[in-house]
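Ligands are counted one by one from 1 in listed order, and the atoms in each one are counted from 1 as well.
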Amino acid sequence: MTAARSTRDDAEDFDVEEVLALVKEDGANPETRSVPAPAPEGEQHGRRAAHAHHQATPWPEARVVAERAARSVPRRAPVSVPLDASLGLVLAAPLTALTDLPSFDTSAMDGWAVAGPGPWEVREDGVLAGHAEPDPLADGEAVRIATGARIPQDVTAVLRTEHGRTDDKGRLHATREVVHGQDIRPRGQECRGGDQLLPVGALVTPAVLGLAAAAGYDTLVAVPRPRAEVFVLGDELLTEGLPQDGLIRDALGPMLPPWLRALGAEVVAVRRLGDDAKALHKAISGSDADLIVTTGGTAAGPVDHVHPTLRRIGAELLVDGVQVRPGHPMLLARTKENQHLVGLPGNPLAAVSGLLTLAEPLVRVLARRAAPEPYALPLKDAVHGHPYDTRLVPVVLRADEAVPLHYNGPAMLRGVAASDALAVVPPGGARAGQELELLDVPWATAGIDVCFT
Ligand SMILES: Nc1nc2c(c(=O)[nH]1)N[C@H]1C(S)=C(S)[C@@H](COP(=O)(O)OP(=O)(O)OC[C@H]3O[C@@H](n4cnc5c(N)ncnc54)[C@H](O)[C@@H]3O)O[C@H]1N2
Ligand code: MOO
C-alpha cells in the first residue's frame, strides 16, 4: 500500500470531493470513453446474438413486465410479525389505535398542577410519570408534577417550574397569566381508540414502529417478504483472499443479499454453483422461493447454462435481453406457478442494472411496497449514450444536480460504490443541464440501518 493510499484509508470522513476526484480521473476508463456502437447485424457472431438483439425488450417496458409478472402472483396470506422484526414490511391491516392517546390526561411540562386561581398552597406529595392515580386537588391547591405524569382530578392548569415562585409562607404564585387547561395534554388528543392511524400499504419505518408501540401493539399484521434464493454461477470465483491465477473474487455474493433485502425481499440462501449445468438444474427445480436470482451465465458462452436450463425445465421467458447498457443479457422467466427467476449478467455493474431493472419492480410489487415517486435532476456534465439502448450511469447528487461518475464500465463497481443514484440516459446520450430520471440506490434514501436491518 502506498503512503497516499494509507492516508486516504485512515481518513475518518471521506469527503465527497475526494470520492469524485477518485472516480473522475480522465483517461482511466477506456470502457466508457467511446460510445459502444453496436455491431451491424452482419458482423454479429452466431444466430443467438442476432436473435437476442431482435428480442430485447425496451428498458421501460422491461420494468413494466416485471411489475406485471409480480401482480400475476396471488397475494400471500398476511403474517403477524413482532415489532422488532417488522421494519421495512408493508402493513396488511390498517394500524388502528388500540387505546386513546394519550390514554390519560397528562402534564406536558415539569412544574405544578394547580386548581383554581392562585396563590396556591403546595401539597407535600408530588406526582411523577408512571405512578398511581394521584389524589384530586381542592381549589387553591397545587402539587409538584413531572412531564408525562397523570393530571389529578379537578386540576385547571399546569404551571411550568420557570413560571412560578413560592413566597416565604410556601405559597405558590404565578409569574405570568395562567390560562385554563394550559400545558395539559387531554386524553385522546392524538387519537381515540379505534381511530385509523395508518392505512393498509404503509411502509413500516422506525417512526411507524414507535407509533405502533405507543398505540399498544406488540405485533403487526404485514405482507410477508418475498423469499429469494441467490445462485451465484462461475467456476472462476473465489470467496476470500486475493484474485489470482485467473480466478477473481465473487463480488455479487456479498452485494446482492443486502441489496435484495433493502428492496423488500428475504434472502433465504446464497449458493455458489460454479459452472455446473446439472447443479443449476437441480437448484432451480428444487427451489420453493418466490424469486430465484442467478448471476452470470446469461450470455452465449460455452458454460452459460441459464438459457439451456430454463428451456429444459419449460420456463416461460418473459424478458430475454433488455435494451439497456450495461446488462443487456438480463432476463426474467416464470419458472413455476408463482415463482420467477431473474437472470443477472455476471459483469458486476451489469448485475446492478438487472437488479434495478427487473428485480426491483418484481420484489417491490410482491412485497406490496409503493412505487417510488419518479424524479429527475439536471446533469452536471454531458454523458455519452448508446445509439439505441438506454444507459444506466452512476451519479452523485450535489446541489440539485446529478454528477456522473466515471468507472462505470460493466465490470466495474467503483463508480456505483460512490454513487447516490443511477441516471437513466436515453439512447443518443444527454447534454449538460438535461433533466434525467434517477433511480435511487437504497442506502442513499433510507440510510444504511433503515433499509438493511
Ligand atoms: N458472445 C457474446 N458474449 C458476451 C455477450 C454477448 O452478447 N455475446 N454479452 C456480454 C455482456 S454485455 C455481458 S454483461 C456478459 C454477460 O455474461 P454472463 O451473464 O454470461 O456472465 P459470465 O460470462 O458468467 O460472466 C461475465 C463476467 O463477469 C464476471 N463475473 C461473473 N460472476 C461474477 C461475480 N459473482 N463476481 C464478480 N465477477 C463476476 C465473470 O468472471 C466475467 O468476467 O457477457 C458478455 N459476453
Ligand atoms: O454490457 Mo454487458 O450488458 O453488461 O457488460
Q: For Pro394, does its backbone N or O pair with a side-chain atom of Asn408 as donor and acceptor, under 3.5 Å?
A: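 Checked: no pair found.
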Q: If you measure every N or O of Asp250 against every N or O of ligand 1, does any of those distances drop under 3.5 Å?
A: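 Looking only at distances, the answer is yes, because the N/O contact criterion of under 3.5 Å is met.
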Q: So does Arg312 have more than 12 non-hydrogen atoms from other groups sitting under 6.0 Å from CZ?
A: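 No - once you tally the heavy atoms of other residues, nucleotides and ligands closer than 6.0 Å, there are 12 at most.
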Q: Should Pro372 and Glu360 count as side-chain neighbours, where that means a heavy-atom distance under 4.5 Å?
A: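 In contact.
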Q: I'd like the residue list for ligand 2, meaning every protein residue with a non-hydrogen atom under 4.0 Å from the ligand.
A: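 Shell around ligand 2 (4.0 Å, heavy atoms): Pro326, Gly327, His328, Pro329, Asn347, Ala350, Pro410.
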Q: Counting each atom of ligand 1 from 1 as listed, which ones have a heavy atom of Arg249 under 4.0 Å away?
A: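 Near Arg249, the atoms of ligand 1 are 36 (N), 37 (C).
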Q: So which bit of Val306 gets within less than 4.0 Å of ligand 1, heavy atoms only: side chain, backbone, both or neither?
A: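 Answer for Val306: neither.
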Q: Using heavy atoms and a threshold below 4.0 Å, how should the contact between Val303 and ligand 1 be classified: side chain, backbone, both, or neither?
A: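 Neither; nothing of Val303 gets under 4.0 Å from ligand 1.
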Q: Show which atoms of ligand 1 fall inside a sub-4.0 Å distance from at least one heavy-atom site of His328.
A: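 Reading through ligand 1 atom by atom, the close ones are 7 (O), 12 (S).
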Q: Counting each atom of ligand 1 from 1 as listed, which ones have a heavy atom of Ile248 under 4.0 Å away?
A: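 Those atoms are 37 (C), 38 (N), 39 (C), 41 (O).
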Q: With sequence neighbours excluded, tell me which residues meet salt bridge (charged side-chain N to carboxylate O under 4.0 Å, His left out) with Asp183.
A: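 Counting only residues at least two positions away or on another chain, Asp183 forms a salt bridge (charged side-chain N to carboxylate O under 4.0 Å, His left out) with Arg160.
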Q: Kindly say whether Asp110 contributes a backbone atom to a donor-acceptor pair with the side chain of Thr161 at under 3.5 angstrom?
A: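 Such a contact is found between Thr161 side chain and Asp110 backbone.
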Q: Quick one: does Gly297 get a heavy atom under 4.0 Å from ligand 1?
A: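 Contact check Gly297 vs ligand 1: positive.
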Q: Quick one: does Pro348 get an N or O within less than 3.5 Å of an N or O on ligand 1?
A: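 No, since none of the N or O atoms of Pro348 sits under 3.5 Å from an N or O of ligand 1.
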Q: In the structure I gave you, are the side-chain heavy atoms of His406 and Arg414 within less than 4.5 Å of one another anywhere?
A: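 SC-SC contact between His406 and Arg414 ruled out.
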Q: Side-chain contact, heavy-atom cut-off 4.5 Å: Trp59 with Asp389?
A: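 Side-chain contact under 4.5 Å: no.
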Q: Salt bridge or not between Glu316 and Arg334? Use side-chain N to carboxylate O under 4.0 Å.
A: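 Between Arg334 and Glu316 there is a salt bridge, with a charged N closer than 4.0 Å to a carboxylate O.
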Q: List ligand 1 atoms under 4.0 Å from Pro345, heavy atoms only on the residue side.
A: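 Result: 14 (S), 16 (C), 19 (O).
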Q: So does Glu67 pair up with Arg63, basic N to acidic O under 4.0 Å?
A: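 No, no charged N to carboxylate O under 4.0 Å.
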Q: Does any non-hydrogen side-chain atom of Leu256 lie less than 4.5 Å from one of Val267?
A: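 Side-chain contact under 4.5 Å: no.
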Q: Check whether any side-chain N or O of Arg368 sits under 3.5 Å from a backbone N or O of Leu91 as a donor-acceptor pair, and report yes or no.
A: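 Checking the backbone N and O of Leu91 against the side chain of Arg368, no donor-acceptor pair under 3.5 Å is found.
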Q: Would you say that Pro427 contacts Gln323 through its side chain, given a criterion of any heavy-atom pair below 4.5 Å between the two side chains?
A: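 Side-chain contact under 4.5 Å: no.
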Q: Nearest to atom 46 (N) of ligand 1 by heavy atom, Ala411, Ala299, Gly253, Gly354: which?
A: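 Among Ala411, Ala299, Gly253, Gly354, the closest heavy atom to atom 46 (N) of ligand 1 belongs to Ala299.
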Q: Quick check on side chain to side chain contact (heavy atoms under 4.5 Å, CB included): which of Val395, Val393, Val416 does Leu422 satisfy it with?
A: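 The single option meeting the side chain to side chain contact (heavy atoms under 4.5 Å, CB included) with Leu422 is Val416.
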Q: List every atom of ligand 1 that sits less than 4.0 Å from any heavy atom of Ala251, numbering the atoms from 1 in the order shown and giving each element.
A: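 The list of qualifying atoms is 34 (C), 36 (N), 37 (C).
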Q: For atom 31 (C) of ligand 1, which candidate among Gly346, Ala300, Gly343 holds the nearest heavy atom?
A: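 Of the listed residues, Gly346 has the closest heavy atom.
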Q: Should the proximity of Asp304 to ligand 1, defined as any heavy atom under 4.0 Å, be assigned to the side chain, the backbone, both, or neither?
A: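 Under 4.0 Å from ligand 1, Asp304 contributes side-chain atoms alone.
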Q: Taking only heavy atoms of Ala350, which atoms of ligand 1 are found under 4.0 Å from at least one of them?
A: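 The list of qualifying atoms is 14 (S).
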Q: Would you indicate which of Thr298, Asp235, Leu256 comes nearest to atom 19 (O) of ligand 1 when only heavy atoms are counted?
A: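 Ranked by closest heavy atom to atom 19 (O) of ligand 1, first place is Thr298.
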